[in-house]
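Heavy atoms only: backbone and side chains are in, while hydrogens, waters and symmetry mates are out. In this chain, numbering begins with 1 at the start of the sequence shown.
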Amino acid sequence: MKKTLAIIFSLSLACSAPAASLLDYVEPRIGTDYSASATAGLFGKGTEELGQVIPAVLEPNGMNFWTPQTRDTERKCVSPYYYYDDMFQGFRNSHWINGGCTQDYGSVTVMALSGTLRTSPVARASRMDRSTEESHPDYYSVYLPDESVTAEMTATSRSAIFRFTYDRAGKGFIVVNPNSDEAQGSVTVDVAARRITARNPVHRIYQGKGEEAGFAGYYVLEWPENVKVTGYGVFEGDSVCPGVSSADSVAGLGAYIEFDVAAGETVMARAASSFTSFAGAFANLRAEMPAWDFDGARRRLSDIWLKHLGKIRVEGGSDTDMIKFYSALYRCSFLPHATNDADGSYPSFAGGKEIIKAPAGHDYYDDFSLWDTYRALHPLLLILEPERSADMMQSLVCKYEQGGWMPIFPCWNSYTAAMIGDHVASVVADAYVKGVRGFDVETAYAGLRRNAFESPADSTDYRDGKGRRALGSYMKYGYLPLEDTVPYAYHKREQVSRTLEYAYDDYALSVLAEALGHKDDAKVLQARSQNYRNVIDPSTGYARGRHADGSWQENFNPFTFNKAITEGAPCHYTWYVPHDRAGLIEAMGGRDIFAAKLDSMFTSGRYWHGNEPCHQVAWMFNDAGEPGKTRRYVRAVMDREYQAVPGGLSGNDDAGQMSAWYVFAAMGFYPVCPGTTEYSLGLPLFDRVEISLDNGRTFTLAVKRASTDEFKVKSLKLNGRRHKKLTIDHADILAGGTLEFVVGGK
């Protein structure tokens with residue numbers, strides 16, 4: 001019978017209380033199982049009920065997510081690891097969009113075996129002793145009783161080192177296979193050089209589905225001199241070819257070595273990868289893992305994580321609160337991730353044929369799940385990692401320069417048109433207005449403006465995922481009519497949601513245009529940002545589809561799924577006017593109606609936290625003049641939708657967005673409208689939150705609890721002076737100081 005992580009982890013804390021370090025509060029396996037939340041399946045079944053998280057060892061925003069593997073495919077919506085699986089297939093250098101329902105790519109897996117050689121992932125899968133499984137950001141270990149092997153791993157961004165301890169004397173094996181689902185790639189064994197190399201070509205999904213992305217994952221694994229190889233070969237699935245040193249372009253290909261082990265003997269291996277070449281992989285290995293020093297490598301990675309997690313220090317919460325908070329911060333540290341080699345080399349965007357080098361000291365980032373992450377993940381990075389955020393913005397500029405269009409949802413170094421909206425405008429505008437520099441903002445603006453005003457003249461470019469979907473209809477009508485089915489998009493139709501999101505994106509771009517002095521553009525975009533009014537039906541007060549002749553969608557029910565709405569119902573998307581909440585109140589019929597409808601989202605069970613469109617909803621009671629409800633409902637969501645168990649997330653973590661929401665909520669403020677410098681205030685979960693800023697200052701949120709009414713704020717002071725607003729500005733945070741909440745009283 002499986003124990004919950006809450007029990008296992010609370011026991012480990014009890015044995016070492018207080019916790020030795022912040023790393024002790026990170027539980028990477030949260031979100032790796034079916035959701036334990038009662039709300040998870042209300043609006044979506046199957047993969048919607050999974051966190052889709054992997055318990056990876058990684059550097060924050062590093063190239064590889066080194067993860068234990070329980071599933072061998074790279075296909076869409078299949079995570080490399082699920083807690084409910086019992087069979088271990090090896091260690092993978094994953095590039096999974098963590099918490100998503102997309103695909104892994106360019107990955108390779110290594111497995112240690114004993115006794116008998118088994119090669120295919122299913123045949124070689126070995127039972128895990130869950131009681132021995134240790135999962136941390138800097139280290140993973142598990143005992144495999146059928147192999148009598150303890151498998152350990154630690155890593156850097158581009159490399160990893162493995163330690164396999166054999167309890168039983170006999171034959172040992174190391175098996176390597178590229179995870180190609182297209183029967184492509186190659187493997188080579190070079191016993192004299194003590195290495196196996198593997199290549200796994202990358203393929204696209206969404207627009208361009210099935211096409212080669214133009215680059216590959218290159219992988220090298222080495223073993224030390226003390227491992228005396230007694231046999232080697234390649235394989236195709238379960239068919240083994242002993243003594244053969246290479247294979248390519250067959251299904252299930254891989255390579256292996258065989259060696260003798262004594263009882264208690266430790267066998268080590270180290271690996272690295274590259275998206276440019278085998279030479280790049282070799283160079284990354286030499287740069288990041290030059291020595292056979294497992295413990296030293298772990299200490300170095302531990303130090304990186306302690307510095308990273310220590311940017312936010314919290315006090316006054318329970319152990320469970322601490323686990324949920326720092327585990328969420330860990331999950332906010334995957335994406336976007338660096339994809340360049342240690343020397344800066346990376347494959348060019350949208351084709352990959354040319355190898356380009358990032359400037360020294362900078363990284364090139366990819367896998368921007370922007371429909372999700374513009375909401376809270378990128379705003380969090382702007383506070384904690386402004387220099388890294390600048391590199392991320394410049395990476396988007398490079399994609400525009402190399403591909404010709406600013407990408408809207410760039411993943412696997414390709415255009416995708418995966419989701420709706422054009423939220424690259426939001427993340428760039430948000431970065432700029434919050435003071436992030438170090439990127440070519442004028443070139444960024446040129447690309448963003450092109451997205452907002454032009455469509456590709458070449459239909460091939462449009463089908464490839466370049467440009468906004470259905471921009472012509474949006475500009476002609478001021479909304480997307482139901483007659484436009486939005487072809488050449490993964491999400492077809494969804495006209496109401498697209499209208500609302502384009503209106504917001506136009507607003508964000510207008511802010512950037514104004515800041516850069518493009519006054520005429522700003523005026524046009526500001527006017528377009530009011531297009532949300534065209535899909536708010538005054539007779540119902542809900543977002544509703546419209547025909548080209550202006551008439552409203554027939555047979556309308558605001559509480560059921562609707563093809564004009566993205567992944568939800570009209571009641572979920574009605575609130576998607578982050579840039580003009582006062583205007584939305586007016587359009588819905590006034591504050592009382594607005595507040596009643598908002599309240600019904602919670603009292604009638606309509607709120608869906610497992611998907612992003614609802615993430616700002618609880619914070620909007622502030623706009624209705626009811627901040628106490630913001631505090632209560634935000635806390636209720638935190639308690640109900642986030643738990644310290646394997647099924648602790650109520651839906652896909654979506655590249656860290658779900659987790660970023662929790663981090664902000666626990667700190668007591670939230671970016672309802674990225675692209676502005678304003679945050680809506682809630683109430684910190686902890687008695688004290690200290691944010692260490694890159695400018696050397698510290699911003700503190702402190703709570704004094706005067707009574708049991710924990711959601712009534714008696715007074716609010718910023719640096720000792722009364723703070724009357726229900727918002728705080730980004731400049732207040734960067735200036736350092738203290739925001740003090742006194743809770744309770746009449």
* **Test log, rule side-chain hydrogen bond (donor to acceptor under 3.5 Å, both in side chains), inputs Y365 and K399** => CA-CA 10 Å; Y365 289 88; K399 296 175 197 298; over 6 Å; no

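- For the pair R437 and Y432, the distance from NZ or CZ to the six-membered ring centre is under 6.0 Å and the angle to the ring normal is within 45 degrees.
- There is no side-chain donor-acceptor pair under 3.5 Å between D341 and Y346.
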* So E678 and R581, salt bridge (charged side-chain N to carboxylate O under 4.0 Å, His left out) or not? Walk me through it. -> CA-CA 13 Å; E678 181 182 88; R581 280 106 72 193; 3.7 Å; yes

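- A donor-acceptor contact closer than 3.5 angstrom is absent between the side chains of D580 and Y507.
- Taking the six-membered ring for Trp and the full ring otherwise, H609 and W661 have centroids separated by under 6.0 Å.
- The environment of OH in Y488 is sparse: at most 12 heavy-atom neighbours from other residues, nucleotides or ligands sit within 6.0 Å.
- Residues H423 and F409 keep their aromatic ring centres 6.0 Å or farther apart.
- With ring centers used as reference points, F275 lies 6.0 Å or more from Y218.
- Taking the ring centroids of F325 and Y330, they lie at or beyond the 6.0 Å cut-off.
- Between G478 and N534 the shortest heavy-atom distance is O-ND2, 2.9 Å.
- Relative ring orientation between H337 and F65 is described as tilted, the plane-to-plane angle lying within the 30° to 60° band.
- A salt bridge between D506 and R468 is present, with a side-chain N of the basic residue lying under 4.0 Å from a carboxylate O of the acidic one.
- With salt bridges taken as basic N to acidic carboxylate O contacts below 4.0 Å, none links R498 and D484.
- Aromatic ring orientation, Y573 versus Y576: tilted (interplanar angle from 30° to 60°).
- The environment of NZ in K492 is crowded: more than 12 heavy-atom neighbours from other residues, nucleotides or ligands sit within 6.0 Å.
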* **Pair F215-N413, side-chain contact (heavy atoms from CB on, under 4.5 Å): steps then yes or no** => CA-CA 9 Å; F215 67 106; N413 213 30; 3.6 Å; yes

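- There is a side-chain donor-acceptor pair under 3.5 Å between W371 and E501.
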